Amino acid sequence: MWNKNVFLLWQGQLVSTLGDMVYSVALGFWVLRLTGSTSAMGVVIAAGFLPKALASPFTGVLVDRANRKLILVGMDFIRGVTVIIVAIGAFAGWLTVPFIIGASVIIGLCGAFFDPTVPSTIPSISKREHLVQINSLFAINQSVAGILGNPIGGLLFTALGAPVLFLFNGISYLISSFTELFMDIPKVEQEAKDFRFFDDMKEGLAFIFAHQGMLVLMVSVFSLNFLLSLSGILFIPYFEQRLDLGPDSYGFAMSALSAASLAGFMLMLVRKIPRGKQYPFFAVSTTVFVIARLTLFSFDNYFLIIAQFVLFGFSVSIINSLIGAAGQLMVPAPLRGKVFGFLQAMGTG
């Protein structure tokens, strides 16, 4: 399952994702304490997601035609430089919410190129029979980063402040960009015809609407992420406004969620689900996820809240592994960037 390219892409993502976790904790609490407004915090977060959602169907077309290694290296480099400028502004005292929003837009646009490139690249550097395991392996990055990044972010935010954590994230992107330089990614062979941007985009849409499985996948991704976001935006305000909690408690709660996700991804990594048995795993996991998510914060007891975080962390890891592999198995190589661009738009919308 392992080879040089899989390892380099995986470890690069691990480093940058760890930085992202620390950055998001610091950014959320920084904006909330500066403005006292959950709306302002929501706008800052949306500034990163909205450009990604709007641009992904277009960037996906370019991913299929462009040098994917160049996209990975370039987008991580731009994000690293952008976040380091944010850190400099925070250290110097001139950082404002509008500047943060502008930086979030740049980071989101880079993500619109970077994110569909990763799942488009994985099938080209790995074997078909290992796709579920490798998607679990890459998803483990998010869990490990969450286990380490959230408590570290909460503790360091209290001890050192936001600027140090911003700088940490910028450096992590630059490290990831450097290691990706050593990857060898096979070029996707396209049909010999003139490149017409909107024709390529329509080709991706035509594939989606011609395959019921892809339509179901799109609806599932949109619905689950919409539900995830509705309560997710309230995490930081909830922990900030409860006198018995705060950034430290938030960090450890998110770490518990990530640890549960890691357990789920490890299960998917070591256990190969028999052909035709994937859907029961998906259905049970989705049901557990929805119940845990809908009842979140219905209890005042901190340990019950942790238990709910654990439940939806474990269940969403199963869901993500199956969705990722299903998409890669259904989509031919020349169409992956286009289709995953639309899939990303549904996930971030």
Side-chain angles (χ1 to χ4, degrees), residues 17-18 20-29 32 38 41-42 45-46 49 136 139-155 157-158 219-269 271 279-324 347-349:
T17 304
L18 178 60
D20 273 346
M21 286 291 179
V22 172
Y23 178 75
S24 63
V25 173
L27 183 63
F29 281 103
L32 192 60
T38 53
M41 189 189 72
I45 294 173
F49 279 103
S136 299
I140 283 171
N141 283 350
Q142 193 78 19
S143 301
V144 171
I147 292 170
L148 299 175
N150 281 301
I152 290 172
L155 291 170
F157 178 82
T158 303
V219 173
S220 299
V221 167
F222 178 83
S223 303
L224 292 171
N225 279 280
F226 185 71
L227 182 62
L228 192 78
S229 300
L230 280 174
S231 54
I233 195 68
L234 301 176
F235 286 175
I236 288 178
Y238 181 85
F239 280 89
E240 175 74 358
Q241 291 170 15
R242 273 189 57 169
L243 298 178
D244 57 330
L245 299 178
D248 296 354
S249 298
Y250 169 81
F252 285 110
M254 295 301 291
S255 182
L257 183 155
S258 299
S261 295
L262 177 61
F265 288 128
M266 290 300 293
L267 175 65
M268 298 297 286
L269 187 63
R271 178 186 171 88
Y279 180 73
F281 277 80
F282 178 83
V284 171
S285 299
T286 302
T287 303
V288 172
F289 166 76
V290 171
I291 292 172
R293 215 54 188 184
L294 288 174
T295 58
L296 192 62
F297 302 138
S298 299
F299 310 99
D300 287 334
N301 186 283
Y302 180 62
F303 294 103
L304 287 177
I305 293 173
I306 293 291
Q308 289 174 294
F309 274 54
V310 167
L311 277 176
F312 67 71
F314 183 82
S315 58
V316 82
S317 64
I318 308 296
I319 294 168
N320 282 339
S321 293
L322 293 173
I323 283 179
T348 56

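Computed from a prediction, not measured in an experiment: that's the story for all the values here.
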Quiz item: Does any N or O in the side chain of S315 come within less than 3.5 Å of the main-chain N or O of T286, such that one atom is a donor and the other an acceptor?
Solution: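 No.
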
Quiz item: Can you tell me if S285 uses its side chain to pair, donor with acceptor, with the backbone of F282 under 3.5 Å?
Solution: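 No, S285 side chain to F282 backbone: no donor-acceptor pair under 3.5 Å.
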
Partner residues of [X] under the side chain to side chain contact (heavy atoms under 4.5 Å, CB included) criterion, sequence neighbours left out:
X    : value
T295 : S298, Q308
L304 : F299, N301
V219 : S223
Y302 : F239, L245, S249, F252, A253, I306

Which heavy atom in [X] sits nearest to a heavy atom in [Y], and how many Å separate them?
X    : Y    : value
A260 : S317 : O-OG, 4.5 Å
F289 : I319 : CB-CD1, 4.1 Å
I318 : F281 : CG2-O, 4.1 Å

Practice problem: Please identify each residue that fulfils ring pair (Phe, Tyr, Trp, His ring centres under 6.0 Å) with F29, with sequence neighbours left out. | Solution: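 Checked F29 against ring pair (Phe, Tyr, Trp, His ring centres under 6.0 Å); matches are F157, Y250.
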
Quiz prompt | Those residues that, when tested against F309, pass ring pair (Phe, Tyr, Trp, His ring centres under 6.0 Å) (two or more places apart) | solution =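 Ring pair (Phe, Tyr, Trp, His ring centres under 6.0 Å) list for F309, sorted by chain: F235, F312.
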
Quiz item: Rounded to the nearest 0.5 Å, what separation is found between the CD1 atom of I291 and the CG atom of L311?
Solution: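 One gets 9.5 Å once the value is rounded to the nearest 0.5 Å.
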
